[in-house]
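Order of the sequence lines fixes the chain letters, A, B, ..., with proteins taken first and strands second; residue numbering starts at 1 for each chain.
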Amino acid sequence: MFGDLRELYQEVILDHGKKPRNFRYPEDFTCEAAGNNPMCGDALMVYLKVDDNKIIRDVAFQGKGCAISVASASMMTELLKDLSVDKAEALFKAFHSMCTDDENIDEQLAQFDEEIVERLQMLSGVRQFPMRVKCATLAWHTMDAAVNGEQDITTE
Amino acid sequence: MNKVITPAPTAGDNSVQAFDVERVRKDFPILGEEINGRPLVYLDSGASAQKPRQVIDAMSTAMETYYANVHRGVHAMSQRSTEAYEAARTKIATFLNASSTNEIIFTSSATEAINLVANAYGRKFLKAGDEIIVSHMEHHANIVPWQLLREEIGVVLRVAPIRDDGALDMEAYESLLGPKTKLVAMTHTSNALGTVVPIADVIKKAHDHGALVIVDGCQAVPHSKVDVQAIDADFYVFAPHKIYGPTGVGILYGKEELLNSMPPWQGGGDMIATVTFEKTTFQKAPLRFEAGTPPIVEAIGLGAAIDYVSTLGMDNIAAHELGLLHYATQRLNAIEGLTIIGTAPEKAAIVSFVMDCAHPHDIGTIVDQMGVAVRTGHHCAQPVMDRFGLAATARASFGLYNTRDEVDALVESIEMVKEFLG
Ligand SMILES: Cc1ncc(COP(=O)(O)O)c(C=O)c1O
């Protein structure tokens, strides 16, 4: 019983939820955005440092949220480091597909390292909880807005 | 508080019975449903209450046997529909103790009822610099319409603070009242905290300063008897779907003279007396404010809901729910790491809480796996969340069909939250 819950609240997720990585206001960054989920009042800021070659050199975040949104933001900051912006956006798309059980997930994931895919898989326990997909993707939507020069986004 | 009611004697049973929650539950078909293989424990009546068979049947019967448009046409069905629709209005007038059925307006929601007052009353009678007082614990539905009015005509919004326990700070409220105060828009019971506002007192003090009062009774009407004349409300609003009636209809009570002094805010059929292209004259209240085909079946369903709670007795419902509130408060308080938000001395059966180990959203997901439905989030009352430095709470809100066993189920499910996230 509670298998779905156990998959959602895995050790790794809980760990990132309680002790988020890169939870800071960075000294320098090139773009930022605010993400809001008015359904639950969660709000976070995502900061990225992108170099001239469009490689993400640093990702950090701050804000308040549930275990899922904080863990997802925390893990995202680790996953995106040293990826190109294009690749980061492709990863967001792939992650979104995983969370919503879209087709051709495998195809989308093929371009990423096994380690990255494994981590994404841990986060995708939310697909059994459609009401929580917004939590898991909030940071990613916000990152997407930041690299595209938008200031803030709202998920509903 | 535990009063005893005498139900209409049924065949073979002439005994006097206390409020029999198990019998009442049988009236609500949905309570037989299961979530994840467990019985549904519905603790979200504050968001919307479940519907008894009596309401469902009244609505089906209307559609199956006498449905037609109202106030139009001489044919038999239109006449019967009109009679049932107007009978519902009479039931609501009696239920609220209005002095006339003309004081009851059917809108499409409670939200629309407040917007109606903001538009029809506000635009005509308020001007730049006039002050409207709201409390710090209003639902967005009783904040935003006044902000829109502020943008349009420059009225000033003032906020009556609440105390740390969630009670209205009466002294501070009084000190806000002055010659510029024209309107007080105040909740009767907070949906986020459960606080019951001493509304008669609030109204009296406003009247002493010549201000009118619109009361948001959405969370009050389902839980205890409301007498609009006794409290002397100028306007009183409630949401039928929270008192076991259907969605799609809202109620605005207004003093008759006041309503007839207000212009319509929407134009269309039903609200006119005569129309020529040169000039249109309007009906009096309530029809003046019921432009277009109204929520006919929904009004009839609401009438059935009013009959339903009246037969059970609002005092009996209040006593039953107060018992649940006390029990839930006591059991939740005993959980380490859990804090109840809203501990005013006068409360309705609504318990908001937060936990050290879990965000409300996570609480909601985990207890749902055990069949327990609670609301999580800001409850459309962000200013009061800010007041407590919170983004969200989890909220258990009780209805007449809830039981102590269900409080126990809530507590058990919260233990599970601790197991997962503690
Ligand atoms: C206190 C209060 N006011 C207003 C409303 C708005 O009701 P509705 O959304 O049905 O119009 C609600 C319900 O959510 C409420 O709890």
Inset, instruction - Establish, from distance only, whether the side-chain atoms of B/H359 and A/D42 form a donor-acceptor pair under 3.5 Å. - result: yes

Inset, instruction - Step through the shown structure and confirm whether more than 12 heavy atoms of other residues, nucleotides or ligands are within 6.0 Å of NZ on A/K18. - result: yes

Legend entry - Residues of residues 62-73 of chain A within contact distance of chain B, non-hydrogen under 4.5 Å: A/K64, A/G65, A/C66, A/A67, A/I68

Inset, instruction - For chain A, find its close neighbours in residues 407-422 of chain B: heavy-atom separation under 4.5 Å, sorted by number, or none. - result: B/M416, B/E419, B/F420, B/L421, B/G422

Inset, instruction - Flag yes if more than 12 heavy atoms outside B/E336 fall under 6.0 Å of its CD atom; otherwise flag no. - result: no

Inset, instruction - Rounded to the nearest 0.5 Å, what's the gap from CG on A/D4 to OG1 on B/T365? Could you check? - result: 11.5 Å

Legend entry - Residues which pass salt bridge (Lys or Arg N to Asp or Glu O under 4.0 Å) with A/R57, listed by chain and number, not counting sequence neighbours: A/D51, A/D82

Inset, instruction - Check salt bridge (Lys or Arg N to Asp or Glu O under 4.0 Å) between A/D58 and all other residues, then give those that pass, not counting sequence neighbours. - result: A/R24

Inset, instruction - Give, for atom CZ of A/F129 and atom CG of B/D368, the distance between the pair rounded to the nearest 0.5 Å. - result: 8.0 Å

